[in-house]
Amino acid sequence: MIPIGDSPRSRTTPWVTYAFIAANVLVWLYTLSLSDAVPASPLEARRQFNEQTTGVCYGFETRPSDRDRFYCERSFQPQEFFDVVAGDPIFPGVNETQALLSILTSIFMHAGWLHIIGNLLFLWVFGDNVEDRLGHIGYALFYVAGGVFAALCQGVADPDAVIPNVGASGAVAAVLGSYLVLFPRATVNVVIPIFILIFIPIPIPAALMIGIWFLQNLLAGVASVSETSAGGGVAFFAHIGGFAFGFLLTLLVLRPFLRRPPRYALD
C-alpha cells in the first residue's frame with residue numbers, strides 16, 4: 001500500500017517538513033554527483049581499498065570510490081560509534097567527531113531511489129499534520145530526536161555491525177507513531193499497484209495502514225534476530241524503535257500540551 005494523502009487538514013504551512021524533504025533531496029543529489037569510479041591501476045585501487053577499509057570505513061569492505069567513501073564517512077556504523085563512545089576505537093586515525101556526528105548525518109542519507117522516494121512520500125503525507133500539532137520548532141526537535149533514537153535502537157540490536165546505516169526511515173517512523181496517537185480516526189488514501197501500471201486509490205483508516213506497517217516491521221525484526229546482521233540489510237529495529245519513540249513520547253508526554261487538532265476533510 002502506497003499512501004498518497006490523508007484526511008486531516010493542516011492549518012499551517014509545514015515549513016519544517018518541506019525543509020527536511022529538501023535537505024534529503026539535496027544530500028541525495030550530492031551523493032549522485034560523487035564519482036563511482038575506482039582507480040584504473042589495480043595496485044592503486046588495492047592501496048586505496050586497504051586504506052579506506054582500515055580508516056573511514058572501519059572494517060567495512062567496499063569500492064574505493066568517492067561515493068562509497070562518502071557513505072563510510074557520514075553513515076552510522078554501530079561498532080565504530082560505540083567504540084568511539086567507549087574511547088577505544090579499533091583502527092587508528094578514526095575521526096571521532098565525525099563518527100559521533102554520523103548518528104545525525106545518516107538521517108539525511110539514502111541508499112537508492114526507492115529508498116528515498118518511499119521515505120519522503122511517507123513524510124510528505126503524515127508529517128504536515130504532526131508538525132501542525134507539535135509546532136515548527138517542537139516538530140524539528142522531535143524529528144531529529146526520533147531519528148537518533150531509532151539509529152541507537154538498530155545499533156543496540158546489532159552493536160558489532162560495520163555495515164553503513166542510512167536513511168530517514170527511523171525519523172519517519174517516529175512521525176507515524178505520533179500521528180497514530182494524534183489522529184486515531186484519520187483516514188489515508190492509498191494506492192495498490194496492480195500489474196505494476198494500474199493504481200487503484202482506496203481510503204482506509206490510517207490506524208489500519210500504520211498498524212500493518214508496524215506489524216510487518218516487528219515480525220521481520222524478530223525473524224532477523226537469528227541472522228548474522230540484524231535486519232539483513234533493512235534496519236527493522238530502527239523502524240520499531242523510531243515508531244515506539246514517537247508513539248510513547250506523544251502519548252505520555254506531549255499530548256496534554258498540544259494545540260487543538262486540525263479539521264478533518266469531509267469527502
Side-chain angles (χ1 to χ4, degrees), residues 2-5 13-38 52 56-58 60 62-78 80-81 95 97-128 130-131 136 139-155 161-176 191 193 213 217 231-239 241-243 246:
I2 305 171
I4 58 174
T13 302
W15 295 116
V16 176
T17 296
Y18 293 162
F20 282 137
I21 290 174
N24 278 278
V25 170
L26 289 174
V27 172
W28 175 240
L29 293 177
Y30 173 75
T31 303
L32 294 180
S33 74
L34 296 174
S35 173
D36 196 35
V38 300
Q52 179 176 280
V56 294
C57 287
Y58 208 77
F60 180 68
T62 187
R63 292 159 51 89
S65 68
D66 292 342
R67 186 178 300 173
D68 286 48
R69 192 172 299 112
F70 174 71
Y71 275 110
C72 286
E73 289 173 346
R74 305 298 177 181
S75 67
F76 174 66
Q77 294 176 267
E80 178 189 41
F81 181 84
N95 187 326
T97 300
Q98 189 169 276
L100 294 175
L101 288 176
S102 67
I103 200 170
L104 177 61
T105 57
S106 63
I107 299 173
F108 299 93
M109 301 173 62
H110 289 84
W113 282 105
L114 290 179
H115 192 202
I116 187 172
I117 290 172
N119 280 338
L120 297 190
L121 179 60
F122 271 74
L123 182 58
W124 174 273
V125 171
F126 297 102
D128 58 341
V130 175
E131 180 177 347
H136 301 308
Y139 173 75
L141 295 174
F142 170 85
Y143 180 92
V144 173
V148 169
F149 183 84
L152 285 174
C153 288
Q154 183 64 31
V162 295
I163 298 175
N165 283 241
V166 297
S169 54
V172 174
V175 172
L176 292 180
V191 292
W213 174 90
N217 279 275
V234 179
F236 293 116
F237 288 97
H239 301 171
F243 180 87

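- Remark: Arg69 CZ to Ser35 OG distance equals 9.5 Å, nearest 0.5 Å.
- With hydrogens and angles ignored, the 3.5 Å screen pairs a side-chain donor or acceptor of Glu131 with a backbone N or O of Trp15.
- Side-chain contact check for Thr17 and Tyr143: no donor-acceptor pair (N or O, by modelled atom type) lies under 3.5 Å.
- Closest approach of Ala37 and Ser65 over heavy atoms only: O-CB, 3.3 Å.
- The shortest distance between side-chain heavy atoms of Pro3 and Phe122 falls below 4.5 Å.
- Distance check: Asp68 CG to Asp36 CG gives 6.0 Å after rounding to the nearest 0.5 Å.
- Going from atom CH2 of Trp124 over to atom CD1 of Ile21 covers 6.0 Å, rounded to the nearest 0.5 Å.
- Within the model, atoms CG of Leu123 and CD1 of Ile116 stand 10.5 Å from one another, a figure rounded to the nearest 0.5 Å.
- Asn95 meets the side-chain hydrogen bond (donor to acceptor under 3.5 Å, both in side chains) test with no other residue; sequence neighbours excluded.
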Step by step, work out the side-chain contact (heavy atoms from CB on, under 4.5 Å) result for Val175 and Tyr139. CA-CA 9 Å; Val175 172; Tyr139 173 75; 4.1 Å; yes
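- Around CG of Leu29, the count of heavy atoms belonging to other residues, nucleotides or ligands within 6.0 Å exceeds 12.
- Shown here for Asp66 and Leu34, the closest heavy-atom pair between the two residues is O-CD1, 4.0 Å.
- For Ser169, the side chain to side chain contact (heavy atoms under 4.5 Å, CB included) criterion is met by Asn119, His239, not counting sequence neighbours.
- Proximity of a side-chain donor or acceptor of Gln52 to a complementary backbone N or O of Arg63 within less than 3.5 Å is detected.
- Annotation: side chain of Ile117 is not in contact with side chain of Trp28 (no heavy-atom distance under 4.5 Å).
- To the nearest 0.5 angstrom, Ser75 atom OG is 12.0 Å from Ile103 atom CD1.
- Using cut-offs of 30° and 60° for the angle between ring planes, the Phe20 and Phe108 rings count as tilted.
- Judged purely by atom type and a 3.5 angstrom limit, Glu73 has no side-chain atom pairing as donor or acceptor with the backbone of Val56.
- Here the CZ-OG distance, from Phe70 to Ser33, works out to 8.5 Å after rounding to the nearest 0.5 Å.
- The main-chain N or O of His110 is found under 3.5 Å from a side-chain atom of Tyr71 such that the two form a donor-acceptor pair.
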